Every structure is written in structure tokens, then in C-alpha cells.
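Okay, structure first, notes after.
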Amino acid sequence: MSDQNPLAGSIFPPSPEFVAQANVSGMAAYQALYDEAAARPEQFWGHLAETELAWQQKFDHVFEWAPPFSKWFVGGQLNASYNCLDRHLDGPRAHKAAIIWEGEPGDTRTITYTELHRLVCRFANSIKSLGYQTGDRAIIYMPMVPEAVVAMLACARLGIIHSVVFGGFSAEALKARIQDLGATLVITADGGWRRAKEVKLKPAVDEALLECPEVKHTIVLRRTGSEPEMMEGRDLWWHTLDETSHDDCPAVPVDSEHPLFVLYTSGTTGKPKGILHTTAGYLLQTTMSMKWVFDLKENDVYWCSADIGWVTGHSYITYGPLSAGATNVMYEGTPDTPAFDRWWQLIAKYKVTLFYTSPTAIRALIRQGDQWPDAHDLSSLRLLGSVGEPINPAAWEWYHRVIGKGRCPIVDTWWQTETGAILIAPMPGAVPLKPGSGTLPMPGILAEVVDLDGKPVPPDAEGYLIIRRPWPSMIRNIWGDPDRYAQTYWGRMEGVYFTGDAARRDADGYFWVLGRVDDVMNVSGHRLSTMEVESALVRHPAVAEAAVVAKPHEITGQAVCCFVTLKKGDYNHDVLGKELRQWVAHEIGAFARPEEIRFSEALPKTRSGKIMRRLLREIVTSNTVAGDVTTLEDMGVLTRLAAQQDEP
Ligand code: PRX
């Protein structure tokens, strides 16, 4: 796919029709919100918290900041599940569809807010009957079924801290997360459907639990009907528990700063970090972005194609949309099953109005040709969203023209697991779009592009993207590791949140995020650390040393490329290469499977022994090395690594 920029310099102002109906209508309205939040942040957020959330007890004050720790809406009490469910039951939303779900085999369910409330209460009662309570930790390892949302909201209802582990993670990765979190409950399923095959989940739980003695129970949803092994006393069927549960389960009021969930993501070391989000601030900002960024209206049908296991699924399938009272489409499978028009068919079938997906998915679908979307009526769409990585101009142009028929604004949303909610994105009825730019920050977000000393760089110059002031949905801590939290995010520049992204800001103040500046890769919009893959590789008995870099990839944005040196022995490189790719999939998950393994006698290192990843990146990107190699210990290694590319 050509990445020549067909849209260089193009600006797409919102159409008058869109402006006329928008929640934030016109640039002056955006500017007024932004200025108000910048000038009087406490009043701004305090007022929104009071009017947009339901409280069991009102907060005393808005904000406390003892760098790097912040507290929002201090002294208040509320419940996230109550905000996503109960408060909608008094009026016309009671019988509105909360979730319209479709399984990959074609089975469907429509669940109203009343029904979802009932399911959540019943499941919360099931958990309660087993003795779990506020402050306990539960792992959710499930396919994309409504019960995944039910499980999250049931935990939230009781003040139980949940951690959803993406179903694509392996038993090893699951085990590490259970242990780090000290979870005592695992909620899972027999499996789910993906590309017409069952992806089993329960066997991975069984394997993980061999080394997690603290887990007292697993609750297993029957989804596929395969008969997993059930360990007497530990493993319980969801439906069996449900038989004796009742419909009434009052939501437990928790403190504004009560942990809502921990979500593990990759950092720059081999150990994933548990990003901690708390209740009120997170809920407020995810709710507001539904209105500000997605321009949500009462009759919209909203669909976010992310998996519940990533932060996008948390903020923009569960908490944001349900707190805002949206109708949420949820789909279990992949876009190519049974054919490449599955998504377009779903949009037509459910008359989706707001569609949110990733550039990787868009690129994969472009490749299949326009005949797939063209065969369906996509005229219900009124807004498109993008998340996870910079969207390249060719993908933007296609998304806009072929899916949006030139009518739909594209909201390119920049944010992170740590930010909790969207921080940089256009308000679609106000901000003119520039393809490839997340445009302007949300109200209350003081984003800047700076140099290493924290000084703003001139327009169009590259620098580090930072946020100057805390915001309500911000990460509160890394689970069990406050030092790492302080260092990673607040230790680079005094009192400033360091995003880890490079960016530039143009003369109009628009942000252009360029990618990570650390050793974090972005594969299909999924975050993966080079160190995590390296640690997995060196656990293999044949591997002496490994260096992992990202290489550009046409569809997935980046792909994992590994340089490996072996211990003494006689190896068949073809066989071992396959084995190592499988090994990484086993250690982390199938989505982390390396694209390429290159074997080498040694790795390029500085005299102090540091692997020169920069040179390896150059090799995989351009196959030549242009950078400074004066500190390189063994030039011959480099030449041989580069030459491997040409071998048959
Ligand atoms: O590099 C940025 C990229 O994804 C990183 C965050 O990854 P994660 O925590 O997994 O969250 C993904 C979903 C929010 C960021 O540091 N990123 C995310 N969205 C964009 C983006 N890069 C450019 N443009 C975006 N819209």
C-alpha cells in the first residue's frame, strides 16, 4: 500500500449539517470549553462530576495533588456499576438496548438496560455468595460475550477490583498477572469462537492455576459447549451459581478513589505493569468523551470493535458507553469470518451510526477490496473513529471515502492505557480535521511537545509529548510498584506526565503523534515490549542471547523481529526458528508471535556490552547501517546480520 500522502495539507472542516446537530457545535464552543477548563480546572471538573455522575455521597473537594499522586473528587462516594445501569432505569432508557451482541457463528442477543442490570445483579450475588467482597481482586479471562461486561460490572458493583486479561494471552502471561495482582477469583469461559474455531480458555486457566495457590474459585461460563475439566470445589459453572442467585443486589458505595480496575500493559522492562484506575475520575472522563468525541445522541447505535481485554474495550465498550446510556454493538469474532464483509454486514444490519476501530483493521480490510463494503448499505454511519496507532493517510482516505462516503468525520483519538480516556482528538462538530493528526486536546488537557529539558519546541519540530497537569482519568499508580510509577511517568521531567510518545505540533496547534520513543512496540495497535519478548526468548534452552526490534509492517504497523544467538549445539535453523516463534506465542500469546527470527553468531554491542538496538532497527528497516558505529565492538557482526536478508 502506497504511503505517499494523497492528502498532504488537506483540511476537512465539519459539514454545516454536522455542526448544526453537534454536542459541541463550532470552534468557538470548543475553545470556550478548553479555555474554561484551563483557567478554572477545579470548577470545570467539579461541575461536570456533579452533573454527569450519580453520587451516593457528594465529594468535599475536587482535587489533591501530591506529585506524583493525585486524588479526584475527594470524600465522594459512588458506584461505577450504578452509574452504568441503575441510574438509567428510571426513564426511557430502561427498555433501550444496552448491548446488541452477535456471536461469530451468527447467534444474537439484545440486552436492554433493565435486563443488563438484572444479569449484573444476579452475577454479583453469585460472587458474593462465595464470600468475595470489596477490595478483593478478580481476573476476567473471557471471549467477547456480554458476560464479559456483566463480570466487569458485577465486580464494580461490589467494589471488587477486576483485571481483564485479553483472551489471546497465554497461560504463562495469565499466571504472571494473577500472581502480581494477588487475585483470588478467576472468571472465565470454556472458550469462544474465532475464525470458525473454538479458542479454548479454561485449559489455559488450569495451567496457570497450577502455580497460583491463592485462587480459591474459578467461575466458568458455558459458551462453546466443549466440556472443560472442572476441578471439584474450585471450578464452578456460571449457570449453576445463577440458579440460586436473586435479582436484587444493591451497589456498594465506594470512595471516589477506590480502585476500579488494574489493566496490565507492556512497559520498557520484561515485566508488564499493572495500570491502576480508580472510580470517579475515570468514569467522568470516559463518559465525557462519549459526548465530546463521539458526539453521542440518545438514538445512536455505537460500535467499538476492540476487545474487552484492552483499555479501549474497558473505556469505550463498558464504562464510557454504558455510563452515557448508549446502545452498544458487541461482536465476538474477527472481521474476515465467514467472509471479509462481516463488519460491513453488521453495520448495515444494526444500522450502526458511530463506528470505532483501529488503523490495522482498516489496512487489512482495504487489502480485500472495495467490493466487500460496497455490497452493504453503510448509510446509517455518521461518524468514524480510529485508535491505537497513527493512521496513515492512505488508510484515512479509504476509511473516509469508502466507509464514510465522504460524509462522516473521522475522530483520530490519541490516548493510552495510562490516560484512561481519550486526551487528544477532534470534537467532530467543531474542529476541522487534518488526516493523520489527532488534532487538539480535550478540555483540561494541557498537552505540549517539548525537548528533554521540558522546554516547548518550535512549531513542526519533533519532541516529546507530555501532559502538564493531572487529569481525572489519569493512572493512579502501578499496582505494587509506586517507584516504577513515579519514575516512568513523572521522573523524566519535573511535575510533568511523560507519555513515551514522540510528536510534533504544527503552527495551528495540531498534534501529530509519531510513535514511541522507548522500547515499546505497537503491533496491530497492541502494546508489546521488546524486553518482554527478549525475556521470553532467553527462557528457551537453546537461546544464549536475544535482541528484539520492531520492523515496519504494511498491515500491522509494526512487526516483531528477533535477533538470536544460540548456545553451543547443532541446530537446524528452520526448525528452531519455527519453534522459537511458537515459544514466544506460548510464553506471551499468539499476537506476540515474531514475524521473523534471525540467527547470528553475536549481536552488535557497545564496548560496555549494551546491545545496539538502534543499529538492528536500521537493519530491519532499510537493510543498511548509516548511523554512528564508532562504539561498536564487532563490525563484522553487523555486516553478517544485514547480509542474512539476502539469503534464500
Ligand atoms: O504510541 C501511542 C499509540 O498507542 C500507545 C498507547 O497504547 P495502549 O496503552 O495500548 O493504548 C491503545 C489504545 C488507546 C500510545 O502511547 N496510540 C494510541 N492511539 C494513537 C496512538 N498513536 C497515534 N495516534 C493515535 N490515535
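The shown structure was predicted, so the numbers you read here are calculated from the model rather than taken from an experiment.
Atom CD of Glu448 sits about 5.0 Å away from atom CD1 of Ile466, to the nearest 0.5 Å. To the nearest 0.5 angstrom, Leu181 atom CG is 11.0 Å from Arg177 atom CZ. To the nearest 0.5 Å, atoms CG (Leu381) and CD1 (Ile347) are separated by 5.0 Å. If you take OH on Tyr264 and CD1 on Ile478, they are separated by 10.5 Å, rounding to the nearest 0.5 Å. Here the straight-line distance linking atom NZ of Lys405 with atom OG of Ser379 works out to 9.0 Å at 0.5 Å rounding. Taken from CG in Leu514 to CG in Leu465, the straight-line distance is 9.5 Å, to the nearest 0.5 Å.
A 4.5 Å side-chain heavy-atom check between Phe355 and Trp303 finds at least one atom pair inside the cut-off. Taking 4.5 Å as the limit, some side-chain heavy atom of Tyr316 sits within range of a side-chain heavy atom of Trp415. Side-chain contact between Arg93 and Glu298 is present, with at least one heavy-atom pair separated by less than 4.5 Å. No side-chain heavy atom of Pro41 sits under 4.5 Å from any side-chain heavy atom of Phe63. Put simply, the side chain of Ile161 does not reach to within 4.5 Å of the side chain of Leu260, judged on heavy atoms. Side-chain atoms of Arg476 and Phe69, non-hydrogen and from C-beta on, never get closer than 4.5 Å to each other. For the pair His314 and Phe261, the minimum side-chain heavy-atom distance is below 4.5 Å. Two residues are said to be in side-chain contact when any heavy atoms from C-beta on lie closer than 4.5 Å; Met330 and Ile100 fail this criterion.
Ion pair Glu147/Arg109 flagged as a salt bridge, since at least one NZ, NE, NH1 or NH2 atom sits closer than 4.0 Å to an Asp/Glu carboxylate oxygen. The pair Arg516-Asp501 meets the salt-bridge criterion, since a charged nitrogen lies less than 4.0 angstrom from a carboxylate oxygen. Taking 4.0 Å as the cut-off between side-chain N and carboxylate O, Asp460 and Arg505 do not count as a salt-bridged pair. Contact check on Arg504 versus Asp506 returns no salt bridge, with no Lys/Arg side-chain nitrogen under 4.0 Å from an Asp/Glu carboxylate oxygen. For the pair Glu17 and Arg407, the salt-bridge criterion is not met [side-chain N within less than 4.0 Å of a carboxylate O].
A side-chain donor from one of Glu389 and Thr360 sits under 3.5 Å from a side-chain acceptor of the other. With 3.5 Å as the limit, one finds no donor-acceptor pair spanning the side chains of Lys58 and Gln77. If you check the side chains of Glu257 and Thr278, you find a donor sitting under 3.5 Å from an acceptor. Side-chain polar atoms of Asp483 and Gln487 form no donor-acceptor pair below 3.5 angstrom. In this structure, a donor-acceptor pair under 3.5 Å is present between the side chains of Ser315 and Tyr282. The closest side-chain donor-acceptor pair between Thr353 and Asp300 falls under 3.5 angstrom. The closest side-chain donor-acceptor pair between Tyr485 and Trp490 falls under 3.5 angstrom. A donor and an acceptor atom, one from each side chain of Asn83 and Tyr319, are nowhere located under 3.5 Å apart.
Summarising the geometry of Cys408 relative to Leu384, their closest heavy-atom pair is CB-CG, 4.0 Å, with the distance given to 0.1 Å. Here the closest heavy-atom approach between residue Phe18 and residue Pro409 is recorded as CE1-CG, 3.6 Å. Shown here for Pro428 and Pro14, the closest heavy-atom pair between the two residues is O-CB, 3.3 Å. The two residues Leu440 and Asp508 have their closest heavy-atom pair at CD2-O, 4.2 Å. Val145 and Trp101 get closest at one heavy-atom pair: CA-NE1, 3.6 Å. Nearest approach of Ser266 to Lys273, heavy atoms of both residues: O-CE, 3.9 Å.
Ser81 places no side-chain N or O within 3.5 Å of a backbone atom of Ala156 that could act as its donor or acceptor partner. Distance alone, capped at 3.5 Å, places no donor-acceptor pair between the Trp471 side chain and the Gln285 backbone. Asp247 places no side-chain N or O within 3.5 Å of a backbone atom of Arg118 that could act as its donor or acceptor partner. Formation of a donor-acceptor pair under 3.5 Å by the His526 side chain with backbone atoms of Gly388 is not found in this model. Without hydrogens or angle criteria, Trp479 side chain to Val262 main chain gives no donor-acceptor distance under 3.5 Å. Using a distance-only test at 3.5 Å, with no hydrogens or angles considered, a donor-acceptor pair links the side chain of Asn23 to the main chain of Leu296. Under the 3.5 Å distance criterion, the side-chain polar atoms of Arg157 are matched with a main-chain donor or acceptor of Cys249. Side chain of Asp412 to main chain of Pro390: no donor-acceptor pair is present (N/O by atom type, distance under 3.5 Å, no hydrogens or angles). Looking only at distances, a side-chain donor or acceptor of Ser256 sits under 3.5 Å from a matching main-chain atom of Phe73. A donor-acceptor pair under 3.5 Å links the side-chain atoms of Asp451 to the main chain of Gly454, judged by distance alone.
By the 6.0 Å and 45° rule, Lys96 does not stack over the aromatic ring of Tyr113.
Annotation: His47, atom NE2; neighbour count of heavy atoms from other residues, nucleotides and ligands within 6.0 Å does not exceed 12. Other residues, nucleotides and ligands place more than 12 heavy atoms under 6.0 Å from the NZ atom of Lys434.
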Steps toward side-chain contact (heavy atoms from CB on, under 4.5 Å) verdict (Arg122, His117)
CA-CA 9 Å; Arg122 293 181 73 85; His117 175 259; over 6 Å; no

Check the pair Val411 / Thr439 against side-chain contact (heavy atoms from CB on, under 4.5 Å), numbers first and verdict last.
CA-CA 9 Å; Val411 291; Thr439 73; over 6 Å; no

Decide side-chain hydrogen bond (donor to acceptor under 3.5 Å, both in side chains) for Tyr356 and Thr413; before the verdict, give the C-alpha distance in whole Å, the side-chain angles of both, and the deciding distance to 0.1 Å.
CA-CA 10 Å; Tyr356 191 31; Thr413 61; 2.6 Å; yes

Quick one, Glu102 with Tyr350, criterion side-chain hydrogen bond (donor to acceptor under 3.5 Å, both in side chains). Give me CA distance, side-chain angles, the key distance, then yes/no.
CA-CA 10 Å; Glu102 186 156 319; Tyr350 296 115; 2.6 Å; yes

Before giving the answer on side-chain contact (heavy atoms from CB on, under 4.5 Å), spell out for Ile308 and Phe166 the whole-Å C-alpha distance, their side-chain angles and the decisive distance to 0.1 Å.
CA-CA 7 Å; Ile308 208 86; Phe166 171 54; over 6 Å; no

Please step through side-chain contact (heavy atoms from CB on, under 4.5 Å) for the pair Val450 and Arg468, ending with a clear verdict.
CA-CA 11 Å; Val450 300; Arg468 281 237 180 260; 3.9 Å; yes

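Checked against a 6.0 Å centroid threshold, the rings of Phe498 and Tyr489 do not count as neighbours. Ring pair Phe12/Trp396: centre-to-centre distance below 6.0 Å.
In terms of the salt bridge (charged side-chain N to carboxylate O under 4.0 Å, His left out) criterion, residue partners of Arg40 (sequence neighbours excluded) are, by chain and number, Glu36.
The aromatic rings of Trp72 and Trp45 sit perpendicular to each other, their planes meeting at more than 60°, with 30° as the lower class boundary.
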